[in-house]
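This report refers to the structure that appears directly beneath it.
Hydrogens, waters and symmetry mates are skipped; everything else that's a heavy atom, side chains included, is used. Count residues from 1 along the sequence. All ligand and atom numbering here is 1-based and tracks the order in the structure.
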Amino acid sequence: MDILIRSTPAEVALAAADIFTRYANDGATLGLATGSTPVAMYQELIARYERGEVSFAQSRAFLLDEYLGLAPDHEQSYYSDNRREFTSHVDFVDALVKSPAGDAADPARAAESYDAAIRQAGGVDIQLLGIGANGHIGFNEPSSSLRSRTHVTTLHPQTVRDNARFFDKEQDVPRHAITQGLGTISEARHLLLLATGANKASAVKALVEGPLSARCPASILQLHHSATVIVDEAAAAGLEDREYYLFADQNRVL
Ligand code: PGA
């Protein structure tokens with residue numbers, strides 16, 4: 001795992017945008033994440049697109065997860081959120097930006113088809129990830145199977161509370177979602193996890209220095225052959241071996 005510690009969230013966004021730009025310009029299949037953390041990186045990518053430095057015209061994209069019961073055009077769906085924050089501002093081919101069908105009549109089948117669609121597209125080249133304060137990635141909450149495929153799942157009450165800020169009231173937050181499973185996520189060729197802010201410090205410590213455990217779903221990054229974690233100082237605060245992470249970052253094998 002490569003661990004990059006940057007002083008501010010803005011520098012995290014720049015470092016992540018540098019990596020994403022290379023993949024997009026190669027026409028890669030991109031795995032997108034929703035939430036507050038990637039927004040600054042998306043804004044940087046939009047600015048680079050407007051300057052002609054990056055294009056998404058040759059890329060396709062798969063979202064990580066979607067609320068159950070919300071149609072793609074629902075204001076709070078993750079599909080809509082991604083369009084608002086990112087995909088509608090750059091040159092993606094709309095039909096090539098996919099999300100799990102949160103409003104499907106048979107959600108379990110929709111989850112299976114989503115996994116199949118990712119496989120048919122040749123897999124995800126780079127999967128962007130945030131991390132929940134409880135260590136979740138996607139909506140894979142603590143206790144999720146480390147090998148799970150895309151599936152229907154129940155949100156942790158903490159996640160419901162955390163996400164209530166996007167809804168009028170907490171009762172409006174869906175309790176269920178379709179999420180890429182930890183096994184699905186693990187198959188992406190490169191995992192890029194971003195974390196900023198002090199409320200992520202203990203989850204980041206568990207991800208990097210804790211045991212591989214369903215208690216911290218993000219710890220599956222420890223098994224991945226190509227994972228990059230970019231954190232700001234606040235999110236890095238709990239890391240014990242920061243001396244090594246900084247040394248390895250400055251003395252990278254090219
Ligand atoms: P956040 O969410 O980026 O809004 O903090 C991350 C997550 O819960 O995965």
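- Using cut-offs of 30° and 60° on the angle between ring planes, the pair Tyr78 and Phe139 is parallel.
- In this structure, the side chain of Arg175 engages the main chain of Val173 through a donor-acceptor pair within 3.5 Å.
- Between the side chain of Asn25 and the backbone N or O of Ser55, at least one donor-acceptor pair lies under 3.5 Å.
- When the shell of 6.0 Å around OH of Tyr244 is examined, it contains 12 or fewer heavy atoms from other residues, nucleotides or ligands.
- No more than 12 heavy-atom neighbours from other residues, nucleotides or ligands sit within 6.0 angstrom of CD on Gln58.
- Atom CZ of Arg109 is surrounded by 12 or fewer heavy atoms from other residues, nucleotides or ligands within 6.0 Å.
- Of all the heavy atoms of Gln158, none lies under 4.0 Å from any atom of ligand 1, so neither backbone nor side chain is involved.
- Interface of Gly130 with ligand 1, defined as ligand atoms under 4.0 Å from a residue heavy atom, comprises 9 (O).
- Considering only non-hydrogen protein atoms, atom 5 (O) of ligand 1 sits nearest to Lys200 NZ, 2.6 Å.
- Near Gly132, meaning under 4.0 Å from any of its heavy atoms, are these atoms of ligand 1: 7 (C), 8 (O), 9 (O).
- Note on ligand 1: Arg165 sits in its first shell, one or more heavy atoms being nearer than 4.0 Å.
- With hydrogens left out, the protein atom closest to atom 9 (O) of ligand 1 is His136 NE2, 3.4 Å, a heavy atom.
- Nearest non-hydrogen protein atom to atom 3 (O) of ligand 1 is Thr37 OG1, 2.5 Å.
- Using a 4.0 Å cut-off between heavy atoms, Ile137 makes no contact with ligand 1 at all.
- Annotation: atom 6 (C) of ligand 1 to nearest protein heavy atom, Ile131 O, 3.6 Å.
- Although no hydrogens or angles enter the test, the distance criterion places no donor-acceptor pair under 3.5 Å between the side chain of Arg83 and the main chain of Asp94.
- Ligand 1 has a nitrogen or oxygen under 3.5 angstrom from a nitrogen or oxygen of Ser36.
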